[in-house]
Trainee: 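Shown below is the structure under consideration.
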There are 2 protein chains.
Amino acid sequence: MKRDSRLSGVLHVLLHMAQQPGPFTSETLATAMDTNPVVIRRIMAGLRDLGYVRSEKGHGGGWMLACDLSKVTLRDVYTALGSPSLLAMGNRTEAPGCLVEQAVNAALDQAFADAEALLLARLGEVTLAMLGEDMRKRLGSRRIHDIGAHRA
Amino acid sequence: MKRDSRLSGVLHVLLHMAQQPGPFTSETLATAMDTNPVVIRRIMAGLRDLGYVRSEKGHGGGWMLACDLSKVTLRDVYTALGSPSLLAMGNRTEAPGCLVEQAVNAALDQAFADAEALLLARLGEVTLAMLGEDMRKRLGSRRIHDIGAHRA
DNA sequence: TTTCATGTAACTTTATATGTTGCGTGATGC
DNA sequence: GCATCACGCAACATATAAAGTTACATGAAA
């Protein structure tokens, strides 16, 4: 299956926004992410509805952070995306009237549920602020490029 | 994304085969699984290569179990399918020259790896024999339908 | 009122699982 | 030998969902 990269993408956007003040246009963010402005608006819509970011129209408008980065976890961001399914595998059918199917589904569902719960828990342990910290640690001698200079 | 149901499907087939002796044609199994014979051959190919099942051509041919069900785990079956990706989410890009990307990927990769490891471990704990046992427990007053009678 | 930027719908593209057709190969039974 | 059965496999078709694109409306700033 084609893997969903929206979470990775939106985190990238948020972290970039945390590096500089001003509002960012979808155009600017899209260029930095090597994608399309509409895609940016699409994945940001959920975050806006939950109040993690704000958007303004017209001259000088664009996207701004509107939350305390130390209070928003990766799980929150995932939820803001609409909680897309985490696992690539699922059961063949629902409503099994077949005992074989019931036994298979029970075993798989248990394993899947455990893995999903662990993943959500892990995502819930990491805040955006922690990601920012990790990034600064990686700095060393290197300088974080400005968004405008993202594409050398 | 469209969820991969091959593991669920092949387990279903194996458990059904464990209920009755004779060889099963792809046609028969496909009817029971409400799918196409070629799909059956496709997902069984990996199991055959690893020796979990055997196939024979011609009159009286078909698929037969060729392993000790108590020695084959769900993880083994998963591996026989070619170890398709378990998670529906992935990183936006590889080869990140961007610190933001590195930090995001590091956090996500860690969470993803943990979840994947747990899932594989869980699958490794369950043998096909255990699934068969579970199924028998579910029997109660009900009778396991023969494959031929699968579609009422 | 012109320009800029978001909001959104509709459409196209791409990737992957799944379904289907056709033909080759080997084994069985006559 | 030859017809039939069943797998092996390639090639093509379909379905679904993410990602990309186009078009236009709305609202804010200059």
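Numbers restart at 1 for each chain; the letters A, B, ... are given by sequence-line order, proteins then strands.
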Trainee: Starting from P on dA27(C), measure out to CZ on Arg54(B) and report it in whole angstrom.
Mentor: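 Rounded to whole Å, this separation is 13 Å.
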Trainee: Identify the heavy atoms of Trp63(B) and Met44(B) that sit nearest to each other, and give their distance.
Mentor: CH2-CB, 3.5 Å
Trainee: Given atom CG of Asn91(B) and atom P of dA19(D), what is their separation to the nearest angstrom?
Mentor: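 Asn91(B) atom CG is separated from dA19(D) atom P by 12 Å.
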Trainee: Grab the CG-C1' distance between Asp4(A) and dT16(D) for me, whole Å please.
Mentor: 14 Å
Trainee: Glu27(A): what forms a side chain to side chain contact (heavy atoms under 4.5 Å, CB included) with it, not counting sequence neighbours?
Mentor: Thr25(A), Thr31(A), Pro37(A)
Trainee: Look at Arg3(A) and dA15(C) and indicate whether a side-chain polar atom (N or O) is within less than 4.0 Å of OP1 or OP2.
Mentor: no
Trainee: Report, as a single string ordered 5' to 3', how protein heavy atoms within less than 4.0 Å touch nucleotides 4-10 of chain C: B base, S sugar-phosphate only, - not at all.
Mentor: BSBBBBB
Trainee: Suppose we screen for side chain to side chain contact (heavy atoms under 4.5 Å, CB included). Which residues come up paired with Arg42(B), at least two apart in sequence or across chains?
Mentor: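 With neighbours one apart ignored, the set is Val38(B), Val39(B).
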Trainee: Are Leu86(A) and Leu118(A) connected in the hydrophobic side-chain network, where two residues link if heavy atoms are under 4.5 Å apart?
Mentor: no
Trainee: Rounded off to whole Å, could you give me the CG-to-C1' distance for the Asp49(B) and dC7(D) pair?
Mentor: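 So the two atoms are 13 Å apart, to the nearest Å.
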Trainee: Between Thr35(B) and dT18(C), does any side-chain N or O lie under 4.0 Å from OP1 or OP2?
Mentor: no
Trainee: Would you say Ser5(A) places a side-chain N or O within less than 4.0 Å of OP1 or OP2 belonging to dA18(D)?
Mentor: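 It does not, given that no N or O in the side chain of Ser5(A) lies less than 4.0 Å from OP1 or OP2 of dA18(D).
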Trainee: In whole angstroms, how far is the C1' atom of dA19(D) from the CE atom of Met89(B)?
Mentor: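 Those two atoms, CE and C1', are 14 Å apart.
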Trainee: To the nearest Å, give me how far apart CG (Leu87(A)) and C1' (dA17(C)) are.
Mentor: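 To the nearest whole Å, that distance equals 16 Å.
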Trainee: Just the rounded figure in Å: distance from C1' of dG8(D) to CD1 of Ile43(B).
Mentor: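 The answer, rounded to whole Å, is 15 Å.
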Trainee: Would you find a donor on one side and an acceptor on the other, under 3.5 Å apart, between the side chain of Arg3(B) and the backbone of Met89(A)?
Mentor: yes
Trainee: Search all heavy atoms of Gly90(A) against all heavy atoms of Ser8(B) and return the closest pair with its distance.
Mentor: O-CB, 3.7 Å
Trainee: Take the protein atom CG of Asn36(B) and the nucleotide atom P of dT18(C), then report the distance between them rounded to whole Å.
Mentor: 13 Å
Trainee: Ignoring hydrogens and geometry beyond distance, is a side-chain donor-acceptor pair present between Thr79(A) and Asp76(A) at under 3.5 Å?
Mentor: no
